[in-house]
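Below: the structure, in structure tokens.
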There are 4 protein chains.
Amino acid sequence: MRIGLLTSGGDAPGMNACIRAVVRGGLYYGMEIFGIRQGYEGLINGDFVQMGTASVADIIHRGGTILQTARSAAFMTDEGIKRGYEQLQKHKIDALVVIGGDGTLTGGERLHSLTGMRVFGLPGTIDNDLAYTDFTIGFDTSVNTVLSAIGNIRDTSSSHGRTTIVEVMGRQCGDIALHAGLAGGAETILIPEKSYDLDDIVKKLQAGRDRGKRHSIIIKAEGVDISSEKLAETLTERMEGAEVKVVILGYIQRGGSPTARDRILASRTGVRCVELIKEGVSNAAVGIKGDTVVDYPLAVALAMEKDSHLEYQRICDILL
Amino acid sequence: MRIGLLTSGGDAPGMNACIRAVVRGGLYYGMEIFGIRQGYEGLINGDFVQMGTASVADIIHRGGTILQTARSAAFMTDEGIKRGYEQLQKHKIDALVVIGGDGTLTGGERLHSLTGMRVFGLPGTIDNDLAYTDFTIGFDTSVNTVLSAIGNIRDTSSSHGRTTIVEVMGRQCGDIALHAGLAGGAETILIPEKSYDLDDIVKKLQAGRDRGKRHSIIIKAEGVDISSEKLAETLTERMEGAEVKVVILGYIQRGGSPTARDRILASRTGVRCVELIKEGVSNAAVGIKGDTVVDYPLAVALAMEKDSHLEYQRICDILL
Amino acid sequence: MRIGLLTSGGDAPGMNACIRAVVRGGLYYGMEIFGIRQGYEGLINGDFVQMGTASVADIIHRGGTILQTARSAAFMTDEGIKRGYEQLQKHKIDALVVIGGDGTLTGGERLHSLTGMRVFGLPGTIDNDLAYTDFTIGFDTSVNTVLSAIGNIRDTSSSHGRTTIVEVMGRQCGDIALHAGLAGGAETILIPEKSYDLDDIVKKLQAGRDRGKRHSIIIKAEGVDISSEKLAETLTERMEGAEVKVVILGYIQRGGSPTARDRILASRTGVRCVELIKEGVSNAAVGIKGDTVVDYPLAVALAMEKDSHLEYQRICDILL
Amino acid sequence: MRIGLLTSGGDAPGMNACIRAVVRGGLYYGMEIFGIRQGYEGLINGDFVQMGTASVADIIHRGGTILQTARSAAFMTDEGIKRGYEQLQKHKIDALVVIGGDGTLTGGERLHSLTGMRVFGLPGTIDNDLAYTDFTIGFDTSVNTVLSAIGNIRDTSSSHGRTTIVEVMGRQCGDIALHAGLAGGAETILIPEKSYDLDDIVKKLQAGRDRGKRHSIIIKAEGVDISSEKLAETLTERMEGAEVKVVILGYIQRGGSPTARDRILASRTGVRCVELIKEGVSNAAVGIKGDTVVDYPLAVALAMEKDSHLEYQRICDILL
């Protein structure tokens with residue numbers, strides 16, 4: 001039994017732990033594992049390399065992905081998918097494991113439905129925007145990275161008595177902002193899933209200033225439909241004497257040594273994936289629900305929609 | 001409505017975030033909050049202090065507990081419990097919230113059944129040994145602290161080509177060892193819940209050495225019934241030329257700034273606790289099951305037993 | 001003997017450790033210490049508060065400054081300086097200690113020469129741009145913060161095979177870029193003190209790509225006279241197929257818990273400052289040369305010029 | 001020109017950055033570099049491996065040493081030294097670079113005086129006990145590791161109201177204890193270089209308790225002539241009701257990613273070492289004095305004695 005394995009889309013901390021789990025799990029069950037470098041682009045180009053235990057020694061703690069990743073315009077077309085399939089056939093791959101986010105799993109699902117190739121998806125992305133799984137691999141680490149940055153920013157914000165808008169990643173998902181904002185004690189959290197009211201924001205900041213509060217932090221997810229600079233301008237205009245700065249955290253959110261939870265999530269889902277392959281399942285997206293590892297057919301998983309954050313919203317209203 | 005609030009037993013990172021959630025949650029619902037310093041000992045001594053928003057400003061990121069903690073031999077007796085109850089009556093407390101581990105919640109349950117006092121328990125301990133909740137406040141942080149220590153130890157272990165036994169906390173629960181061991185890629189994990197075989201351990205270490213592996217890390221929970229020094233001696237005797245060192249991580253596992261998960265768990269359970277009080281519930285232990293906040297009557301919660309670790313054991317066999 | 005103490009300009013990690021050293025040092029020698037909040041602005045407004053041991057308990061590890069800071073346009077004028085002097089006289093201050101960067105020490109020197117007030121400067125800024133001292137308080141911490149960010153960025157850079165330009169602070173001084181770049185193994189370092197050659201940069205990056213190197217990191221100090229975005233554009237145009245991203249680290253460089261070196265530098269210079277006051281010196285800027293605490297009259301210190309970085313430049317050429 | 005390179009003695013963070021500097025520096029000047037694995041033991045066994053740029057890619061941030069280390073009883077004898085020399089001759093090595101502590105440099109000096117081999121020493125040890133250099137590679141990192149542990153311990157100490165004795169490394173040198181104690185705000189610091197008075201310690205702790213202080217931290221260097229457990233017993237006996245715990249930090253102090261300063265110190269001394277070899281110098285120990293790289297003949301360097309810590313002692317008396 002031969003497994004192909006690739007990482008695609010934006011990288012995420014824990015991808016290496018996941019690669020390790022698939023490789024060691026596969027070897028444990030007597031399978032051969034072929035790593036495919038640079039995601040779907042590498043698949044099309046036939047960049048395959050056989051992997052053994054040594055290939056994954058000492059990577060569990062490393063951010064990034066040893067198999068690298070790349071965007072593949074070609075694989076977004078059926079033509080490109082067929083070329084990828086030919087490479088898989090050429091290398092006699094029985095099942096392909098793809099680690100990535102929504103785009104990666106969608107490409108994998110398309111490969112499966114077009115060609116019948118057995119495809120398995122593992123949720124590797126910091127955005128936590130895969131509805132079928134409560135948490136994605138990389139999310140916990142990025143939230144803690146943002147938390148650490150908030151700590152630094154709070155030191156300087158309170159020293160200067162300013163309002164700082166911290167923009168975080170997540171594409172159209174506000175989870176990083178929500179979790180880091182709650183954990184970091186931010187005064188305001190703006191996420192795409194909930195419309196904001198500029199008047200409310202100003203009122204809240206103003207009330208804080210009237211109470212003697214000299215600083216505050218606004219966490220804003222990148223998907224919110226106002227740019228951070230524009231928001232800063234608007235708040236500065238509306239609040240006399242206020243100093244509003246913007247920090248766009250950027251790519252530091254993607255890297256770093258994965259936390260314990262991300263490594264364990266990567267390990268549990270990676271092993272389950274190998275076991276599903278062994279059991280003869282044709283395709284699946286593996287994730288976690290609560291603290292239980294779950295799996296669904298790819299198409300089913302990709303069609304799900306994320307719950308709203310009612311409980312978190314309530315907590316925000318109470319604690320912030 | 002008046003809430004009393006105390007922290008007891010071993011301290012845990014996230015206790016302060018929990019205190020903050022109970023205080024701000026209580027104030028949000030128009031209640032008065034009285035902090036009780038030094039756990040049950042302070043309860044007996046009447047060490048009450050009213051708390052406001054300012055009392056919990058800037059503590060969400062801090063390890064330890066601003067209300068401090070102490071062991072109370074007196075509160076382990078019905079006599080002591082009655083004296084504690086008198087203090088609660090004297091201060092017109094309607095409901096008492098206790099944050100701590102098994103001993104703390106047990107004392108709280110006894111107070112409730114003896115006197116009818118409304119008592120609510122929040123799971124504050126690094127040991128993760130409260131069966132009614134999948135995770136306790138402080139566990140995630142301590143696992144990551146151990147993970148960081150393992151990283152340091154691995155640097156020196158591999159430089160010197162030695163075997164290091166790392167002893168971690170957990171009382172009679174092996175969760176810290178299990179999670180940190182899996183996440184840290186330890187070669188062997190010893191936990192109280194699973195009997196160990198010295199011959200197997202030696203065989204595994206020997207096999208590694210034969211393969212050219214110059215070092216390894218054994219994670220051992222403190223509850224395992226062989227001392228780390230004794231284990232080191234035994235392994236040294238049985239493996240010619242091996243250098244076996246012991247590191248007992250100790251109290252660094254208790255402190256440190258809580259991770260995002262611990263702060264969020266503390267906030268969610270703290271707010272739910274206040275809402276249960278508001279709803280008129282007579283007593284409860286609040287925790288988390290999967291990713292859902294749950295609660296049970298104290299006696300029910302304390303009678304539960306932890307699941308075995310079948311899935312984690314299987315992953316250990318495959319990945320380590 | 002009464003000491004006035006303020007922090008001004010951009011905040012820096014270690015300012016609190018410095019405040020602690022001045023306060024405890026002053027108390028040790030039987031002096032009274034008055035903290036002045038919000039820098040020179042607070043001085044003009046008479047925002048004085050007496051400080052004792054308790055005022056500085058538990059702050060040695062905290063970033064930011066408990067005395068806060070503010071920009072004061074007023075204090076840049078002789079008129080404003082005179083008003084500040086009046087406040088000092090009103091509060092019977094014998095000597096004023098100012099912790100900050102070039103602007104802060106310059107304002108202090110002006111206060112001294114205009115009024116005869118005894119003024120002492122301590123070097124609190126992350127920029128390391130005070131020529132009279134080899135290191136400023138906050139520099140070591142910010143370099144390590146940048147180093148940590150470089151680590152995260154390298155994970156994602158190498159996963160994606162891109163070139164990332166990391167812009168760091170320093171105003172017109174390239175030290176943060178130089179130290180973090182060297183320590184982080186950056187491929188190219190751009191600092192204001194050394195002219196850059198775009199052709200050379202492109203040549204170097206191209207050579208790396210030809211050797212199979214898929215990624216690289218360019219550290220650019222904010223004072224270099226080309227914007228990071230413009231540099232990214234230019235490199236993208238000149239290198240076919242290259243993906244060049246920009247990360248502007250911003251305010252996270254100002255905060256965070258100070259490193260051991262910054263706390264010790266803050267403590268040594270703070271204590272020396274108090275001892276100079278005790279000795280009757282009229283004014284001084286205290287700093288460090290090599291590993292020895294030194295001091296100079298303010299005007300002399302402010303007139304010095306920083307050495308060039310010949311040794312560091314040579315090491316860059318060899319190791320990068 | 002061929003350089004041999006080894007690491008010996010206890011490992012230290014920054015050794016890898018030093019290896020990188022010697023290798024890249026040597027290659028820059030057209031030399032060949034041969035790494036020798038497992039210190040002097042590997043030298044005797046002829047465990048040589050040629051090194052290129054790729055050998056040292058991606059190691060600057062890693063703790064430990066890729067060349068490993070081992071204790072060599074054989075190399076402590078002239079016989080063993082001669083065998084090592086034969087291997088150097090066999091591999092046509094012109095100059096040997098040894099990275100390690102006192103024992104390592106002493107062995108290297110003996111090799112030089114016995115055989116005339118050109119030998120160069122770089123100061124790799126966390127203990128900071130090489131008198132000829134103000135700082136050793138690894139010291140800054142270990143101090144910061146201890147500082148972080150002190151932070152965790154302080155959380156739990158103050159929650160429980162206890163006194164904690166934290167034992168740190170350093171062999172017979174108290175620098176780690178002194179620097180970490182000062183930077184961490186410890187209440188008492190015990191180092192081998194200064195005799196302690198148990199009565200004074202008790203008096204100080206008692207005074208704190210009388211003032212309402214519920215906890216304290218005592219940093220004790222391992223070289224102090226009383227065991228930490230014995231000290232804990234004694235203090236417990238003498239202070240009624242006090243709870244005194246012991247934390248022996250152990251091997252976590254040896255590992256971890258090196259700080260910026262350690263990487264830069266490693267790089268500067270490593271490059272200077274190569275330049276001395278190029279210049280034809282017969283032997284040298286390279287270190288740092290203040291912020292200037294210095295070098296001395298090995299025998300001269302090893303005969304020096306460390307200054308006393310008068311300034312640091314004075315600061316301790318004032319600030320603690």
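Note that this is a predicted model, so its numbers are computed, not measured.
With respect to chain A, the highest number of heavy-atom pairs below 4.5 Å among C:L67, C:I248, C:D155, C:I150 belongs to C:D155. Comparing A:H160, A:R154, A:R254 by how many heavy-atom pairs each has under 4.5 Å with chain C, the most go to A:H160. Per-residue heavy-atom pair counts under 4.5 Å with chain A were compared for C:R71, C:R162, C:M15, and the maximum is reached by C:R162. Comparing C:I153, C:T7, C:T156 by heavy-atom pairs within less than 4.5 Å of chain A, the highest count is held by C:T156.
Summarising the local packing, CE of A:M76 is surrounded by 12 or fewer heavy atoms from other residues, nucleotides or ligands at distances under 6.0 Å.
Proximity to chain C is limited to the side chain of A:Q38, based on heavy atoms less than 4.5 angstrom apart. For C:T69, the parts lying near chain A are the backbone and the side chain together; criterion is any non-hydrogen pair under 4.5 Å.
Between C:V247 and A:Y251 the shortest heavy-atom distance is CG2-CD1, 3.8 Å. The two residues C:T145 and A:N152 make their nearest non-hydrogen contact at CG2-ND2, 3.8 Å.
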Less than 3.5 Å apart, which donor and acceptor atoms pair up between the side chains of residues 98-106 of chain C and the rest of the protein, not counting sequence neighbours?
| residue | atom | partner | partner atom | Å |
| --- | --- | --- | --- | --- |
| C:T104 | OG1 | C:S8 | O | 3.2 |
| C:T104 | OG1 | C:S8 | OG | 3.4 |
| C:T106 | OG1 | C:D102 | O | 2.7 |

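Panel note: side chain C:S159, backbone A:T65; a donor-acceptor pair is recorded below 3.5 Å.
In this structure, the side-chain contact (heavy atoms from CB on, under 4.5 Å) partners of A:I66, at least two apart in sequence or on a different chain, are A:N16, A:I19, A:M51, A:I59, A:R62.
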